[in-house]
J.: 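Take a look at this one; I'll ask things after.
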Number of protein chains: 2
Amino acid sequence: MPDEDAVVPKVGIRDVARAAGVSVTTVSHVLNETPHTRTSEATRDRVRSIARDLGYTPNRLARGLRTRASDMIGLLTEEIATTPHAGRIILGAQEEASRHNLTLAIINSHLDAGADARRADARALIERQVDGIIYATVFHHEVSVPRELRAVPAVLIGALDRQGVVPAVLPDEASGAADLVALLADAGHRRIAFADSSIEVPATKGRLVGYLRGLEQAGIPRDDQLIASGVSEAGGGYTASLELLDRDDRPSAIFCYNDRMAMGAYRAAQELGLRVPDDVSIVGFDDQAPIAASVHPALTTVALPHYEMGAWAVATLTRLIQSSSTSWYRSTHPTWLPCPVVLRESVAQNNR
Amino acid sequence: MPDEDAVVPKVGIRDVARAAGVSVTTVSHVLNETPHTRTSEATRDRVRSIARDLGYTPNRLARGLRTRASDMIGLLTEEIATTPHAGRIILGAQEEASRHNLTLAIINSHLDAGADARRADARALIERQVDGIIYATVFHHEVSVPRELRAVPAVLIGALDRQGVVPAVLPDEASGAADLVALLADAGHRRIAFADSSIEVPATKGRLVGYLRGLEQAGIPRDDQLIASGVSEAGGGYTASLELLDRDDRPSAIFCYNDRMAMGAYRAAQELGLRVPDDVSIVGFDDQAPIAASVHPALTTVALPHYEMGAWAVATLTRLIQSSSTSWYRSTHPTWLPCPVVLRESVAQNNR
DNA sequence: CCGCTGAGCCAAAACCTTTTGGCAACCCGA
DNA sequence: TCGGGTTGCCAAAAGGTTTTGGCTCAGCGG
């Protein structure tokens with residue numbers, strides 16, 4: 001390969017124009033298929049083939065400068081890139097962006113870096129002239145969107161705007177939890193326990209609320225004896241489950257706050273000589289990547305729509321951008337995306 | 001907040017110049033602290049404070065156009081964003097980029113999308129004038145780098161360039177595995193089994209090689225009876241471990257190809273009435289996010305340096321970019337980053 | 001033969017910076 | 001008073017594209 005390290009002098013639209021014997025205007029029109037513009041078929045073919053032969057690569061920076069649109073969207077993640085779920089959000093956003101011919105620029109802000117750092121990060125994105133910004137957080141708390149984000153359309157993932165003015169998308173954990181309870185109820189379970197997380201994060205609420213709603217919809221009276229809690233790790237699931245299972249009127253099913261707690265529940269069951277799912281059904285929440293599928297029996301759980309939220313954010317953002325107008329204000333309701341139940345093997349028919 | 005939705009007319013360097021009563025040249029010099037340039041202290045203060053008051057935000061697109069450097073680096077991931085580990089690579093790259101004042105633009109290519117798609121993705125990044133490209137893959141196979149990548153400095157993560165010309169970084173799985181064996185040997189284990197993956201990926205090699213090297217270094221003769229294999233999932237770990245453990249001369253420790261297989265090993269041990277780690281020690285590989293810590297007893301394993309590889313890639317890339325010259329060719333040896341052992345509770349002293 | 005229309009193309013401005021190559025004004029020593 | 005060296009600033013070009021507002025020419029109806 002002789003020409004392999006030949007230095008390639010960047011070829012610009014001007015070079016194409018010269019080679020084709022037309023003006024740069026014409027080349028631009030042809031290559032962009034500008035509507036309402038007239039160029040003979042012959043010329044267009046010539047321009048196109050010459051551009052290809054020369055290996056013309058448009059310079060998006062220059063284009064962006066002129067059109068005042070960078071075709072980039074910024075993804076500002078607050079501590080999220082650290083979590084195992086992060087990838088899915090990024091992936092969803094990225095693929096949707098690709099679909100719209102946009103590129104994702106990402107910055108991760110550390111939670112403990114403070115508001116100033118976050119504003120600086122937002123500014124960095126804006127300096128890059130991103131057409132819009134996605135602000136993604138781990139736990140859905142209310143945030144007051146940094147002022148700088150107002151310079152550009154923005155959407156939130158996993159958080160609510162305090163002013164209720166920025167579109168937001170969140171997982172509908174309550175419905176997911178309710179669905180899970182419905183599943184258990186349909187399998188004949190009446191005594192369904194909930195191993196709650198003892199940590200107070202807003203997400204907690206949704207799961208508990210959903211659990212209660214599920215019971216109600218199944219016509220099962222609430223029984224606070226069946227609600228225990230522990231730290232949201234395997235250890236917490238273990239202790240909570242032990243408490244729930246180690247008595248005569250033990251429940252026939254345990255709904256764990258998350259998959260890790262469910263692992264603890266498995267252990268508790270095992271130690272008490274109870275088999276899953278034959279003696280006790282166990283379900284989790286999060287569909288945490290390798291856990292749920294690797295455990296035995298495979299864990300029935302609920303998946304968080306990370307990918308979908310990422311994609312939703314980009315889609316919504318592009319809509320906002322298109323509708324240009326300076327009025328991507330006006331209050332909106334947050335969008336709650338469904339959390340699908342993923343059926344595996346940890347639930348059995350109950351016949352007690 | 002009355003002025004909240006006041007439309008902010010973008011303020012440019014020109015506005016600052018006008019307000020400060022100086023030329024744009026001067027403003028540029030002051031704000032960029034251009035060396036070898038003379039401006040009175042007074043003027044500089046004035047310019048700076050006016051820029052701040054006006055809320056001047058430089059337009060990096062315009063700057064990039066002029067300086068021919070976008071200060072962006074492209075991260076091209078091949079299917080990787082899908083894996084749970086992806087986040088760590090992205091995070092490492094992003095944080096290192098931030099440190100250098102660079103922004104990360106990411107694109108995920110699907111493995112099955114074919115070479116053309118991948119070239120298109122590379123081109124998309126180049127159109128954006130990225131200063132360099134990181135190409136990250138899941139399994140480290142040899143790749144022949146798309147031609148388009150030659151337009152710009154590039155580095156590989158998790159793969160080797162077939163031509164041996166592009167810098168690459170990979171996890172040193174062999175050493176990690178050897179360390180793990182050393183750990184077991186130090187704990188008195190002599191009969192150490194290996195539950196290998198039956199799938200033939202290059203990564204497999206490293207772990208097996210490391211296992212053998214570890215044995216050798218510990219002065220333990222190789223015994224092929226102690227090597228079994230199965231699919232690289234919990235199921236495979238289960239069957240392989242059953243085979244290894246269900247006999248009289250069973251090993252006192254099992255090194256599993258990965259954490260998921262280790263989960264299978266746990267189950268096999270449990271079914272045979274063997275306790276971990278008292279009766280059999282088990283170790284894994286990957287330090288897969290929630291598994292290793294949630295399992296009981298917590299799994300001793302080896303972590304893959306994803307974060308470090310991401311950071312290394314960016315650091316190396318910036319070095320290449322700085323050294324500008326068109327000669328970021330010249331062959332290089334790949335860099336192998338250490339895989340640290342992470343000690344938990346699944347290894348016990350052996351005294352048989 | 002004139003005027004008008006539409007087809008096909010183009011020159012130049014604009015986008016916002018950085019950077020080159022100055023030019024005045026001042027000071028100082030001779 | 002003049003020459004030479006600083007100091008402090010600036011005008012204008014350049015970077016690669018899109019877009020506006022043309023211009024020219026051919027064809028056609030009158």
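Reminder, nothing fancy here: chain letters follow the sequence lines and each chain counts from 1.
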J.: Look at the side-chain N and O atoms of Thr26(B) and state whether any lies under 4.0 Å from the OP1 or OP2 oxygen of dG8(D).
T.: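 False: Thr26(B) side-chain N/O out of range (4.0 Å or more) of dG8(D) OP1/OP2.
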J.: Let me spell it out: for each of Arg38(B) and Thr57(B), pick the nucleotide of DNA chain C with the closest heavy atom. Which residue's pick is nearer the 5' end?
T.: Thr57(B)
J.: Quick check on the helix from dC1(C)-dG30(D) to dA30(C)-dT1(D): what's the angle between its two end axes, five base pairs per end, to the nearest 10°?
T.: 70°
J.: Between the side-chain atoms of Thr67(B) and the base atoms of dT17(C), is any donor-acceptor pair under 3.5 Å?
T.: no
J.: Any chance you could lay out the side chain to side chain donor-acceptor pair (under 3.5 Å) test for Ser40(A) and Thr43(A), step after step, and finish with the verdict?
T.: CA-CA 5 Å; Ser40(A) 72; Thr43(A) 311; 2.6 Å; yes
J.: Within this structure, what is the OG1-CD1 distance for the pair Thr77(A) and Ile107(A), rounded to the nearest 0.5 Å?
T.: 9.0 Å
J.: Check the surroundings of atom CZ in Arg14(B): do more than 12 heavy atoms from other residues, nucleotides or ligands lie under 6.0 Å from it?
T.: no
J.: Side-chain N or O of Ser28(B) less than 4.0 angstrom from OP1 or OP2 on dT19(C)?
T.: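 For Ser28(B), the contact criterion (side-chain N or O under 4.0 Å from OP1 or OP2 of dT19(C)) is not met.
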J.: Looking at Arg66(B), does any N or O in its side chain come under 4.0 Å of the phosphate oxygens OP1/OP2 on dA14(D)?
T.: no
J.: Figure out the CD/P separation between Gln129(B) and dG15(D), and round it to whole Å.
T.: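 Distance check: Gln129(B) CD to dG15(D) P gives 14 Å.
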J.: Strictly below 4.0 Å: does Thr43(A) bring a side-chain N or O up to OP1 or OP2 of dG8(C)?
T.: no
J.: Would you say the side chain of Ile90(B) lies within less than 4.5 Å of the side chain of Leu75(B), judging by non-hydrogen atoms?
T.: yes
J.: Of the nucleotides dC16(C), dA11(D), dG22(C), which has the atom closest to the Thr25(B) side chain?
T.: dA11(D)
J.: Check the distance between dT17(D)'s C1' and Lys10(A)'s NZ and give it to me in whole angstrom.
T.: 14 Å
J.: What are the residues of residues 16-24 of chain B, sorted by number, that bring a heavy atom to within less than 4.0 Å of DNA chain D?
T.: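 Heavy-atom contacts with DNA chain D come from Gly21(B), Val22(B), Ser23(B).
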J.: Measuring to OP1 and OP2 of dA14(D), would you say a side-chain N or O of Arg68(B) lies under 4.0 angstrom away?
T.: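 So the side-chain polar atoms of Arg68(B) never come under 4.0 Å of the phosphate oxygens OP1 or OP2 of dA14(D).
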J.: Have Ser98(B) and Gln94(B) got a donor and an acceptor in their side chains that come within less than 3.5 Å?
T.: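 Distance-only check passes for Ser98(B) and Gln94(B).
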J.: Look at Asp15(A) together with Arg18(A) and state whether they make a salt bridge at an N to O cut-off of under 4.0 Å.
T.: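 A salt bridge is present here (some side-chain N lies under 4.0 Å from a carboxylate O).
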J.: In whole angstroms, how far is the P atom of dT18(D) from the CG atom of Leu65(B)?
T.: 12 Å
J.: Using whole Å, report how far CZ of Arg128(B) lies from P of dT17(D).
T.: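 Those two atoms, CZ and P, are 14 Å apart.
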J.: Does dC15(C) have its OP1 or OP2 closer than 4.0 Å to a side-chain nitrogen or oxygen of Asn59(B)?
T.: no
J.: Would you tell me whether Ser23(B) and Thr26(B) have side-chain atoms, one donor and one acceptor, within less than 3.5 Å of each other?
T.: yes
J.: Look only at the side chain of Asn108(B) and the backbone of Leu91(A), and say whether a donor-acceptor pair between them is shorter than 3.5 Å.
T.: no
J.: On DNA chain D, nearest-nucleotide positions of Ser40(B) versus Arg63(B): which is more 5'?
T.: Ser40(B)
J.: Please give, in whole Å, the distance from dC9(C) C1' to His36(A) NE2?
T.: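 Going from NE2 in His36(A) over to C1' in dC9(C) covers 18 Å.
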J.: Could you tell me whether the side chain of His29(A) reaches within less than 4.5 Å of the side chain of Arg44(A), counting heavy atoms only?
T.: no
J.: Between Glu41(A) (CD) and dA7(C) (P), how many Å, whole number?
T.: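 In whole Å, dA7(C) P lies 14 Å from Glu41(A) CD.
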J.: Quickly work out the Leu61(A) CG to dA14(C) P distance and round it to whole Å.
T.: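 That distance rounds to 22 Å.
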J.: For His29(A) and dC9(C), what is the distance between atoms NE2 and C1' respectively, to the nearest whole Å?
T.: 9 Å
J.: Please check the phosphate of dC16(C) (OP1 and OP2 only) for any side-chain N or O of Tyr56(B) closer than 4.0 Å.
T.: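 Negative; the distance criterion is not met.
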J.: Between Arg118(B) and Asp121(B) (salt bridge meaning N to carboxylate O under 4.0 Å), is one present in this structure?
T.: no
